Amino acid sequence: MTFSSIGDLASTLMLSRSSAQARQSLARLSTELTTGVTADTRAVVRGDFSTLSDWEQSIQSAQAREKTLGEAFGRVQAKQTVLDGVGNAIGTLANTISLGTASRQKPAMDAVAASAKDVLGQTVAGVNVTIGGNTLFGGAATHLPALANADAIFTSAKAAVVGATTVSDVVHRLQTWMDDPVNGYSAQAYLGSTDDGPPVRLSASHATQPPGRGDDEAIRSTVQGLLLAAFSGEADLMVQPVAQQQLLDQASNKLRSAEGQLITLQASVGLAEGQIAQAKTKASSEISTAQQLRLSALGVDQFETASRLQNTELQLEKIYMLTARSARMSLAEYLR
Amino acid sequence: MSLSGSLSNALSGLSAASRGAQIVSSNLANAMNENYGRRELSLVALGGDHHGGVRSAGVLRHVDPILLADRRSAGSTLEQAARKSESLDALANIVGTPEDAGSLNGHLRRLEAALAYAESDPGSEVRLSEVVRAGGELVDTFHTAQDGISKIRTRADAQIHASVKQLNSNLERIEQLNAEIVAASVNGRDTSGQMDRRQVLIDQVNALVPVREMPRAHGMVSLVTAKGMIVLGDRATTFEFAPSHTIMPHMTVDQGLLGTLKAGDVSFDMGSDRSPMAGGTLQGLFNTRDETSLRAQSQLDALAFEVADRFSDLAVDTTSLPGAPGLFTDSGARADSANQTGLAGRLQIHQSVDPAQGGQAWRVRSGLAAVTPGAPGNASLITQMLEAMTQRIAPVSGQFQASGALSDHAAALQSNVGTAAWAANQELSFASAHHEQLLQLQRMEGVDSDAELQRLLSIETNYAANAKVIQMIDDMLSTLMRIG
């Protein structure tokens with residue numbers, strides 16, 4: 001009795017494999033539908049992760065850069081505010097000096113000298129501004145104030161000029177003190193460091209140093225002018241009103257030139273502000289571009305996934321029906 | 001007399017029918033057994049000095065040897081592809097993917113972000129400690145990855161040992177079955193059951209190394225591997241393998257520190273596709289232990305070396321001498337390109353910045369050998385570290401080709417393993433589909449319960465017919481007897 005036959009196990013093998021595959025598909029499509037991204041990254045990029053890594057790298061470094069640029073912007077804005085304030089104060093003082101010297105009255109000129117001391121105090125307080133505990137005008141020495149307190153500066157400078165007999169001598173001695181690296185401004189008044197402070201990172205390859213340190217020309221000239229104006233009120237230095245007036249004139253000149261220098265400094269600080277704002281915008285656009293590229297590569301379309309899920313469900317139902325029917329189609333059933 | 005002749009014919013018909021029923025019942029009992037060869041009764045008509053009648057000539061066992069050989073060859077290819085795909089999947093899990101924050105890439109990015117924040121405020125203890133912490137976690141990730149790779153190799157080695165033991169015991173049992181089959185066949189007994197068992201054992205041997213059956217006299221078989229080595233002739237070959245209990249990164253077969261497959265005096269090079277024992281699970285496992293894992297290990301070590309090297313000899317750090325280790329050390333010393341093997345497990349963060357080892361985080365800013373903290377706003381060393389990480393320069397470790405930043409080299413490592421894993425997956429699905437197709441064809445030759453039941457119906461009718469003949473002859477004889 002030889003007639004062709006097909007083994008039982010052949011059909012069960014095919015049906016069981018199909019149903020296992022359909023159920024696996026179902027699980028994967030459900031995950032993709034809920035998360036919105038593909039379940040198997042490696043299959044999508046075929047094992048080559050270089051572009052994916054580039055995007056992740058851009059996103060993370062741009063995010064860090066955005067935050068640090070925000071901090072830098074705050075610092076630079078604070079510097080600008082201080083420089084603004086100092087510029088206004090010395091501008092006002094220069095005007096006051098002109099009025100004072102025009103009157104040639106000792107009390108008026110004494111009052112000007114006293115207000116110069118006040119402005120020195122304000123300037124020092126401004127230049128010593130801190131953000132988050134870090135001094136902004138001190139270079140790398142962010143833990144120290146940039147300038148010593150106004151009284152200490154005044155005392156140290158006065159000790160250098162005491163004994164001068166003429167106005168030009170006073171001016172000359174003060175200039176020497178300003179330039180003296182050991183006992184002068186750089187050591188006694190400016191307490192910060194000559195090394196640069198923390199840089200501002202504008203891009204992955206480019207970092208700048210924001211301008212403005214306590215030993216810049218503009219600040220030096222400001223302090224020098226204010227000291228000259230304050231000396232005019234010192235009784236042990238200036239005896240005659242004529243000398244007082246001459247000194248005040250010198251102070252006024254110095255303060256005017258300091259004003260000009262401050263404006264230049266403010267311009268470069270303003271430039272840095274602009275650069276930082278631009279870099280921040282660029283960083284956020286980098287982030288959104290990279291995120292979008294990543295989503296377009298790895299994301300899945302919700303509607304397409306939902307319809308594939310439905311098709312898989314129908315397919316699974318058909319497999320189950322076939323399995324049930326073919327189990328009933330055997331001779332043994334009919335011989336019962 | 002012809003009546004007694006008819007009686008003996010009918011009796012022979014009855015016994016043939018009952019033998020047939022016995023075979024049908026055996027077939028139906030084994031319908032779910034994958035390794036069962038469908039039996040069929042072969043009948044021969046008696047003639048000559050008999051009066052007719054039928055004799056069962058024996059039981060035919062239906063197996064298509066060509067299909068069986070094809071299926072076995074596809075099966076061992078499948079096993080080898082499966083071992084390769086498994087090991088590459090495990091390695092791909094270990095090295096991770098870029099979007100995973102816990103991967104090597106993720107930790108490199110975290111270190112870079114920590115350095116960027118520290119650059120903005122170098123005086124902050126919190127930010128400097130975060131740099132040290134990020135560095136520490138990067139080092140931990142390298143250690144974990146190396147441990148993972150060593151575990152894969154050790155496990156492969158243990159599986160080889162178990163497989164070789166199984167191979168030896170299977171070959172011995174096949175030898176015994178051969179002897180039994182010959183004895184039974186010479187004495188005319190049915191050998192189908194032993195042949196079924198032998199087929200199962202040969203399938204198991206085939207999964208380990210591809211073999212072909214060479215039929216010999218009286219139902220014996222010899223086993224020859226696909227590349228032509230006799231593993232079972234008159235006697236079974238005994239294989240030896242010396243397991244290693246823990247595998248360290250520097251242990252390779254070439255250096256004689258790991259076991260190889262031997263049979264007597266002959267040692268087999270399981271790395272070559274032309275080896276007599278090539279193909280199957282055994283070669284797949286040797287490949288895992290000696291090639292794919294080792295390649296991943298050397299690339300991991302190369303990445304560790306790149307990390308250590310980029311942070312060394314930073315010009316801004318005036319406190320360190322040239323040749324001194326940088327932020328990442330090889331167990332405290334400077335990482336040496338000649339000594340890269342196992343570096344991933346030895347990588348450490350410099351003890352002078354690690355608070356757990358008595359260091360201070362401010363040395364990240366001031367210099368690794370600095371005595372005092374220095375100016376807190378000085379970010380120049382941190383800037384140089386950041387630039388060292390992101391600069392696109394040529395790799396020095398000898399494993400990566402293209403110039404790139406550190407994160408690019410990490411992505412290259414992940415891509416190397418990832419593309420190999422993806423290719424192995426593709427190969428596996430092809431091999432699996434091919435094997436399944438042949439398995440399906442083989443199964444179609446198996447027991448069909450509908451056919452068996454139909455046969456049983458015919459046997460039932462036949463039995464009834466023969467019994468009726470006996471009844472009729474009995475009546476005829478009685479009639480004869482009543483004549484006196």
Side-chain angles (χ1 to χ4, degrees), chain A residues 1-14 17 41-43 45-57 60-61 63-65 67-69 71-72 132-135 138-143 192-193 195-201 204-205 207 294 298 329-332 335, chain B residues 31-32 34 38 40 92 97-99 105-106 109-110 112-114 116-117 119-124 374-380 383 386-387 390 405 407-408 410-412 414-415 417-423 425 436 439-441 443-455 457-458:
Chain A
M1 288 170 270
T2 49
F3 41 88
S4 57
S5 63
I6 297 182
D8 281 350
L9 290 172
S11 56
T12 56
L13 179 66
M14 189 199 72
R17 292 285 160 93
T41 318
R42 197 199 316 156
V45 298
R46 298 164 108 84
D48 182 6
F49 292 112
S50 47
T51 23
L52 201 57
S53 158
D54 277 343
W55 295 333
E56 294 291 335
Q57 174 70 20
Q60 192 140 5
S61 77
Q63 279 173 340
R65 205 180 324 134
K67 295 224 177 63
T68 55
L69 283 171
E71 289 172 0
N134 292 330
T135 311
T142 52
H143 59 307
S193 162
D195 290 329
D196 284 333
V200 174
R201 182 152 289 276
S205 49
R294 186 177 62 179
L298 297 181
M329 263 195 296
S330 92
L331 192 52
L335 287 176
Chain B
M32 301 305 291
E34 294 170 1
R38 182 168 60 85
E40 203 176 309
T97 56
E99 73 272 11
N105 233 327
R109 288 198 297 268
R110 186 175 156 200
E112 201 183 309
Y117 284 125
E119 189 190 30
S120 174
D121 186 3
S124 161
N378 183 2
S380 47
T383 303
L386 198 54
E387 281 171 6
T390 53
S407 61
D408 293 331
Q414 287 170 337
S415 299
V417 177
T419 41
W422 189 76
N425 276 351
E436 192 165 309
L439 189 63
Q440 179 82 344
L441 284 174
R443 294 242 175 121
M444 290 195 341
E445 304 279 319
V447 172
D448 180 356
S449 38
D450 287 351
E452 298 299 320
L453 285 172
Q454 277 176 304
R455 208 165 277 142
L457 286 174
S458 323

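Please read all numbers here as calculations on a predicted model, not as lab measurements. Each chain gets a letter, A, B and so on, in the order its sequence line appears, and its residues count up from 1.
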Can you say whether [X] sits under 4.5 Å from chain A via the side chain, the backbone, both, or neither, judging by heavy atoms?
X        : value
B:Ser407 : both
B:Glu387 : side chain
B:Ala412 : neither
B:Leu386 : side chain
B:Glu452 : neither
B:Asp450 : both
B:Ala114 : neither

Taking the side chain as C-beta and beyond, is there a heavy-atom pair between [X] and [Y] under 4.5 Å?
X        : Y        : answer
A:Pro199 : B:Glu119 : yes
B:Gln440 : A:Met14  : yes
A:Arg42  : B:Asn425 : yes

Quick one: which of [options] has the most heavy-atom pairs under 4.5 Å with chain B, could you say?
options                                : result
A:Ser330, A:Ala64, A:Gly139, A:Gly7    : A:Gly7
A:Asn134, A:Thr142, A:Leu9             : A:Leu9
A:Ala140, A:Ser193, A:Ser205, A:Gly192 : A:Ala140

Quick one: does [X]'s side chain have a donor or acceptor within less than 3.5 Å of a partner on [Y]'s backbone?
X        : Y       : result
A:Asp48  : A:Val45 : no
A:Ser53  : A:Phe49 : no
B:Arg109 : B:Pro98 : yes

By a 4.5 Å heavy-atom criterion (distance strictly below it), what part of [X] contacts chain B: side chain, backbone, both, or neither?
X        : result
A:Arg17  : side chain
A:Glu71  : side chain
A:Leu69  : neither
A:Ala204 : backbone

Over all atoms of both residues, closest heavy-atom pair of B:Tyr117 and A:Gln63
OH-O, 4.4 Å
What's the shortest heavy-atom distance between B:Ala379 and B:Pro122, and which atoms?
CB-CG, 3.5 Å
Between [options], which shows the greatest number of heavy-atom pairs under 4.5 Å with chain A?
options                      : result
B:Met444, B:Met32, B:Glu112  : B:Met444
B:Leu457, B:Val417, B:Leu453 : B:Leu453
B:Ala423, B:Ser380, B:Pro376 : B:Pro376

Polar side chain donor-acceptor pair, B:Glu99 to A:Thr41, under 3.5 angstrom
yes
Please tell me whether B:Asn105 and A:Glu56 have a donor and an acceptor in their side chains that are separated by less than 3.5 angstrom.
no
Distance in Å, B:Glu445 CD paired with B:Arg443 CZ, rounded so as to fall on 0.5 Å steps:
13.0 Å
